[in-house]
Amino acid sequence: MTPENFQLQLLAWFDQSGRKDLPWQHPISSYRVWLSEVMLQQTQVVTVIPYFNKFIKRYPTVNELANAPLDDVLSLWAGLGYYARARNLHKAAKQIAKAGFPETLESLVDLPGVGRSTAGAVLSIAFNKSHAILDGNVRRVLARFKLIEGWTGGSAVNKQLWDISEYFTPDARVADYTQAIMDLGATVCTRSKPLCLQCPLQSDCLALAQDKVHLLPTPKLSKKIPVKQLVFIIATNKNGEILLEKRPPTGIWGGLWSLPELENKQDVSAWADKHQLVIHKRTELKVKRHTFSHYHLDYAPIQLIVDSPTNNVMEAGLRIWYKHTQHKNIALPAPINQLFDEFKEE
DNA sequence: GAGGCGTGGTG
DNA sequence: TCACCAAGCCT
């Protein structure tokens with residue numbers, strides 16, 4: 001199938017069945033497309049929509065995002081995951097505010113958090129410039145259409161797919177084309193139960209012809225992920241406030257606020273002594289599991305009712321007493337938020 | 001190249 | 001309950 005034919009079929013399908021009412025499509029701007037593409041990294045559309053709307057409401061322009069404190073940005077991002085994206089977004093916004101919005105592949109990839117595929121998406125969708133993308137949807141569509149076997153993350157297969165993606169990317173109507181091929185992957189050429197009978201490319205799809213659609217793209221060999229254990233301290237003072245700690249700027253939940261952590265529950269009293277807290281009551285809650293992409297976390301919440309001396313100066317900026325029943329404008333990891341929600345019900 | 005980095009939905 | 005998955009990027 002020629003690229004022209006491929007594009008024609010895809011665009012005709014898009015005009016009929018593509019998604020044209022996503023929040024970042026009205027209106028289209030470089031800032032809105034960039035923001036949405038970063039949020040959509042490894043994240044589904046339905047999850048992103050409310051976060052995108054919150055961000056646009058709070059930060060209508062990139063300048064307002066650039067001038068916001070990182071803590072505020074993280075608090076809006078809380079729950080969306082992969083928090084390096086928020087930290088990079090903020091850093092990139094500052095660069096854009098100073099130097100203007102980049103309009104070339106090289107300058108876009110220079111932004112933190114923007115790789116080749118995100119850059120291609122911004123250039124094609126926001127500027128209608130002819131650049132290819134290779135996200136999960138496009139990988140799946142192209143791997144099937146051209147019957148490319150082998151894990152698509154491997155360098156050889158990866159290069160092959162980029163070449164194919166560039167080969168099919170048109171000069172005209174690139175914005176629609178890019179949206180079209182992603183939409184096709186998201187709604188027709190899905191990982192499980194693909195709707196091949198509705199596909200505009202079915203007549204030339206090699207995987208369909210050989211009945212190998214369900215085998216492609218080849219999944220990565222899965223490894224067993226480890227289990228880590230720790231104790232979360234829920235220390236509540238007489239004002240009903242809970243002690244929170246600021247996490248390091250990088251690593252898991254980087255830059256967010258979380259509960260103090262201990263390796264095991266024998267360390268609780270030593271921990272309390274260290275922070276000059278007198279324990280009045282101690283309750284061990286049921287162990288729960290939170291699963292990350294790369295490990296399981298089995299955490300045992302231990303609730304402590306404590307007295308803390310007046311003027312108990314916490315390390316500046318790294319510890320706070322937090323009223324979880326009130327304002328929520330603080331960045332908490334999802335499982336911590338869930339834990340607090342359970343408390344509120346009582 | 002391989003591993004770190006979230007979360008919620010699904011079968 | 002559990003493995004797997006979804007619009008990747010960075011080190």
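Keep in mind it's a predicted model, so treat the numbers as computed, not measured. Below, chain A is the first sequence line, B the second, and so on; all start at residue 1.
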Looking for any heavy atom pair under 4.0 Å, which part of the strands does [X] touch: base, sugar-phosphate only, or nothing?
X        : result
A/Leu221 : nothing
A/Leu80  : base
A/Gln179 : base
A/Gly251 : sugar-phosphate

(request) Please figure out whether A/Trp253 or A/Ser192 has its closest DNA chain B nucleotide nearer the 5' end. (result)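 Here A/Trp253 is the residue nearer the 5' end.
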
(message) Roughly how many Å apart are B/dC5 and C/dC2, using the P atom of each and rounding to a whole number?
(response)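 Roughly 23 Å separates the two P atoms.
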
(message) I'd like the C1' distance from C/dA6 over to B/dG1, given in whole Å.
(response)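 Per the computed distance, 23 Å lies between those C1' atoms.
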
(message) I need the residues from residues 145-173 of chain A with at least one non-hydrogen atom less than 4.0 Å from DNA chain C; give them sorted by number, or say none.
(response)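 Residues of residues 145-173 of chain A that come under 4.0 Å of DNA chain C do not exist, since none gets that close.
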
(request) Under the side chain to side chain donor-acceptor pair (under 3.5 Å) rule, collect the residues that match up with A/Gln41, sequence neighbours excluded. (result)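 If we apply the side chain to side chain donor-acceptor pair (under 3.5 Å) test to A/Gln41, skipping adjacent residues, the hits are A/Thr118.
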
List, one per line, each side-chain donor-acceptor pair under 3.5 Å for residues 256-272 of chain A, sequence neighbours excluded.
residue  : atom : partner  : partner atom : Å
A/Glu261 : OE2  : A/Arg247 : NH1          : 2.8
A/Asn264 : OD1  : A/Gln266 : N            : 3.1
A/Lys265 : NZ   : A/Glu284 : OE1          : 3.2
A/Trp271 : NE1  : A/His275 : NE2          : 3.4

Got a list of side-chain donor-acceptor pairs under 3.5 Å for residues 158-173 of chain A, not counting sequence neighbours?
residue  : atom : partner  : partner atom : Å
A/Asn158 : OD1  : A/Arg139 : NH1          : 3.1
A/Asn158 : OD1  : A/Arg139 : NH2          : 3.2
A/Lys159 : NZ   : A/Asp163 : OD2          : 2.9
A/Ser165 : OG   : A/Ile133 : O            : 2.7
A/Glu166 : OE2  : A/Arg116 : NH2          : 2.9
A/Thr169 : OG1  : A/Ser165 : O            : 2.6
A/Arg173 : NE   : A/Asp176 : OD2          : 3.1
A/Arg173 : NH1  : A/Asp15  : OD2          : 3.4
A/Arg173 : NH2  : A/Asp15  : OD1          : 2.9
A/Arg173 : NH2  : A/Asp176 : OD2          : 2.7

(request) Please name all residues satisfying ring-ring contact (aromatic ring centres under 6.0 Å, His included) with A/Tyr51, sequence neighbours left out, ordered by chain then number. (result)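 Result, ring-ring contact (aromatic ring centres under 6.0 Å, His included) vs A/Tyr51: none returned.
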
(request) Check whether any side-chain N or O of A/Ser117 sits under 3.5 Å from a backbone N or O of A/Leu134 as a donor-acceptor pair, and report yes or no. (result)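 Looks like yes, one N/O pair under 3.5 Å.
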
(request) Without swapping roles, check the side chain of A/Thr187 against the backbone of A/Asp183 for a donor-acceptor pair under 3.5 Å. (result)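 Checked: pair present.
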
What are the atom names and distances for every N/O pair under 3.5 Å that joins the protein to nucleotides 9-11 of chain C?
residue : atom : partner  : partner atom : Å
C/dC9   : OP1  : A/Gly115 : N            : 2.9
C/dC9   : OP1  : A/Gly115 : O            : 3.4
C/dC9   : OP1  : A/Thr118 : N            : 2.9
C/dC9   : OP1  : A/Thr118 : OG1          : 2.6
C/dC10  : OP1  : A/Gly113 : N            : 2.7

(message) I need the single residue from A/Val306, A/Asp307, A/Ile305 that forms a side chain to side chain contact (heavy atoms under 4.5 Å, CB included) with A/Lys238. Which is it?
(response)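 Only one of A/Val306, A/Asp307, A/Ile305 forms a side chain to side chain contact (heavy atoms under 4.5 Å, CB included) with A/Lys238, namely A/Asp307.
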
(request) Consider only side-chain N and O atoms of A/Arg85 and A/Thr43, and report whether a donor and an acceptor are under 3.5 Å apart. (result)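 Yes, a side-chain donor-acceptor pair sits under 3.5 Å.
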
(request) Tell me who clusters with A/Val174, hydrophobic residues only, linked when side chains sit under 4.5 Å apart either directly or through other members. (result)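 Members alongside A/Val174: none; it stands by itself.
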
(request) Scan residues 169-224 of chain A for pairs that pass ring-ring contact (aromatic ring centres under 6.0 Å, His included), counting only residues two or more places apart or in two chains. (result)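 Qualifying pairs: none.
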
(message) What range of DNA chain B does chain A touch, first nucleotide to last, counting atoms under 4.0 Å from its heavy atoms?
(response)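 Here the contact window of chain A covers B/dG1 to B/dG8.
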
(request) State, with a plain yes or no, whether a side-chain heavy atom of A/Tyr59 is found less than 4.5 Å away from one of A/Val73. (result)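 With C-beta onward as the side chain, the pair touches.
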
Could you list the donor-acceptor pairs under 3.5 angstrom formed by side chains in residues 286-299 of chain A, with sequence neighbours left out?
residue  : atom : partner  : partner atom : Å
A/Lys288 : NZ   : A/Glu342 : OE2          : 2.6
A/Arg289 : NE   : A/Asp298 : OD1          : 2.7
A/Arg289 : NH2  : A/Asp298 : OD2          : 3.1
A/Thr291 : OG1  : A/His296 : ND1          : 2.9

(request) Just jot down the side chain to side chain contact (heavy atoms under 4.5 Å, CB included) partners of A/Asp21, sequence neighbours excluded, or say none. (result)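 Scan of A/Asp21 (side chain to side chain contact (heavy atoms under 4.5 Å, CB included), adjacent residues dropped) gives A/His26.
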
Please list, for nucleotides 2-5 of chain C, all pairs of protein and nucleotide N/O atoms separated by less than 3.5 Å.
residue : atom : partner  : partner atom : Å
C/dC4   : OP1  : A/Ser222 : OG           : 3.2

